[in-house]
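None of these values were measured; they are calculated from a predicted model.
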Amino acid sequence: MVGNTTPVVLMVDNDEHLLAAVRRALSGCFDFVTFTNAEQALEWLGENAGRVELIIADMVATRRGDCFLQRAARNAPNVPRILLAANMSGMSLRDAISQAMVTRVLAKPVSVSVLKDAIHRVMRLKKPVRKADSKLTALAVNAALDRGDFRPVLQPRFRANDLRLSGSEILCRMPMLEKDYSIEEIFASCHNHPVINRLTSQMMTVMINMAPRYHDLMGDAAYIGLNLSVY
């Protein structure tokens with residue numbers, strides 16, 4: 001291991017080249033423990049759950065990544081999980097989010113730079129537990145919208161068969177609130193509250209206003225999705 005202070009990341013993928021590239025590029029920031037076999041990864045996790053700070057699983061390598069992550073969650077319930085998937089159906093994606101409580105889904109093929117950015121983002125979202133009286137409320141989110149504290153982030157998606165750009169996902173970010181709360185906490189505080197409708201509406205307005213830019217980047221037939229999921 002690199003050292004006790006280096007965050008340990010468990011990664012399961014059947015692409016040895018990707019695992020090697022990730023280890024080379026990110027070994028200075030993270031201590032990667034990699035497997036191509038899901039069962040071996042689960043066995044290792046059962047013995048080392050207290051050391052792991054992030055789990056990354058490939059859908060193909062684990063023969064249903066969401067099931068692997070469900071089992072991993074039982075061993076390490078507080079460790080965030082990233083799922084790598086190519087051509088994932090809407091139903092499979094919902095299953096991964098709701099059952100395996102995936103923190104982030106990344107479309108494959110994924111570059112090392114995109115993966116590095118996702119890891120850093122997930123790591124930044126891990127915040128210390130606060131007292132109950134500091135819990136974020138929907139009214140605080142509404143006040144943030146009044147201040148204009150929201151912006152879109154464009155995440156590209158690529159086709160697995162030819163690596164061509166197929167569309168993008170628009171992620172919502174709230175920079176000021178995210179200094180004290182994770183994006184998951186922000187969205188969860190809006191659950192069943194009208195403020196989530198307001199946020200969705202304002203993000204849609206931003207997307208419409210940015211349509212010319214999206215067209216220039218992706219062309220006429222590109223698909224764009226808006227992600228306000230808690231996970």
Side-chain angles (χ1 to χ4, degrees), residues 1-2 6-27 29-126 155-161 163 169 171 182-184 225 227 229-231:
M1 297 299 172
V2 175
T6 306
V8 177
V9 177
L10 171 63
M11 185 170 178
V12 187
D13 198 294
N14 61 354
D15 186 345
E16 287 275 15
H17 295 293
L18 176 61
L19 294 177
V22 168
R23 287 193 299 265
R24 284 195 304 270
L26 304 182
S27 61
C29 303
F30 307 102
D31 186 359
F32 272 91
V33 178
T34 60
F35 291 90
T36 56
N37 182 285
E39 293 301 326
Q40 292 177 0
L42 285 169
E43 182 179 349
W44 182 90
L45 180 62
E47 299 173 356
N48 298 275
R51 300 168 48 211
V52 179
E53 296 195 32
L54 177 65
I55 299 171
I56 304 172
D58 170 61
M59 194 76 174
V60 175
T62 58
R63 297 186 182 181
R64 277 186 59 80
D66 52 336
C67 290
F68 166 80
L69 291 174
Q70 287 178 57
R71 295 170 66 187
R74 289 195 287 270
N75 287 334
N78 297 320
V79 176
R81 293 167 286 281
I82 293 178
L83 177 64
L84 306 179
N87 297 327
M88 196 173 185
S89 70
M91 182 172 294
S92 296
L93 179 58
R94 287 193 296 272
D95 287 345
I97 291 174
S98 63
Q99 297 178 26
M101 292 185 292
V102 173
T103 306
R104 187 84 179 266
V105 178
L106 296 179
K108 293 192 76 176
V110 61
S111 68
V112 173
S113 61
V114 169
L115 185 59
K116 178 181 179 181
D117 179 69
I119 292 172
H120 279 298
R121 286 181 180 276
V122 171
M123 290 295 189
R124 285 199 297 268
L125 293 180
K126 296 178 64 177
Q155 178 172 283
R157 292 193 176 280
F158 300 90
R159 291 200 297 257
N161 58 341
L163 306 185
E169 183 178 30
L171 306 179
S182 71
I183 198 68
E184 287 87 354
N227 187 348
S229 166
V230 171
Y231 295 108

Next item on the list: Would you indicate whether the side-chain heavy atoms of L115 and I56 approach each other to under 4.5 Å?
Entry: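 A side-chain contact exists here, since the closest heavy-atom pair is under 4.5 Å.
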
Notebook entry, point to check: Who passes side chain to side chain contact (heavy atoms under 4.5 Å, CB included) against N48, sequence neighbours left out?
Noted result: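 Here the qualifying residues are W44, R51.
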
Note to self: Exactly one of L84, I119, D58 should register a side-chain contact (heavy atoms from CB on, under 4.5 Å) with M11. Which one does?
What the structure shows: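 Output: one option passes, namely L84.
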
Where is the tightest heavy-atom contact between [X] and [Y], given as atom of each residue plus distance?
{"X": "A41", "Y": "V12", "result": "CB-CG2, 3.5 Å"}
{"X": "P7", "Y": "C29", "result": "CD-O, 3.5 Å"}
{"X": "A21", "Y": "V112", "result": "CB-CG2, 3.9 Å"}
{"X": "L54", "Y": "P80", "result": "CD1-O, 3.4 Å"}
{"X": "L18", "Y": "V110", "result": "CD1-O, 4.1 Å"}

[atom1] of [X] to [atom2] of [Y]: how many Å apart, nearest 0.5 Å?
{"X": "H120", "Y": "F30", "atom1": "NE2", "atom2": "CZ", "value": "4.0 Å"}
{"X": "R74", "Y": "L45", "atom1": "CZ", "atom2": "CG", "value": "11.5 Å"}
{"X": "L42", "Y": "N75", "atom1": "CG", "atom2": "CG", "value": "6.5 Å"}
{"X": "L10", "Y": "R81", "atom1": "CG", "atom2": "CZ", "value": "11.5 Å"}

Item checked: Results of side chain to side chain donor-acceptor pair (under 3.5 Å) for R23 - residues two or more places apart only ->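 Counting only residues at least two positions away or on another chain, R23 forms a side chain to side chain donor-acceptor pair (under 3.5 Å) with T34.
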
Item checked: Under the side chain to side chain donor-acceptor pair (under 3.5 Å) test, residues paired with D117 that sit two or more places apart ->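 D117 satisfies side chain to side chain donor-acceptor pair (under 3.5 Å) with R121 once adjacent residues are dropped.
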
Notebook entry, point to check: Who pairs with E43 by salt bridge (Lys or Arg N to Asp or Glu O under 4.0 Å), at least two apart in sequence or on another chain?
Noted result: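 Expected list: none.
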
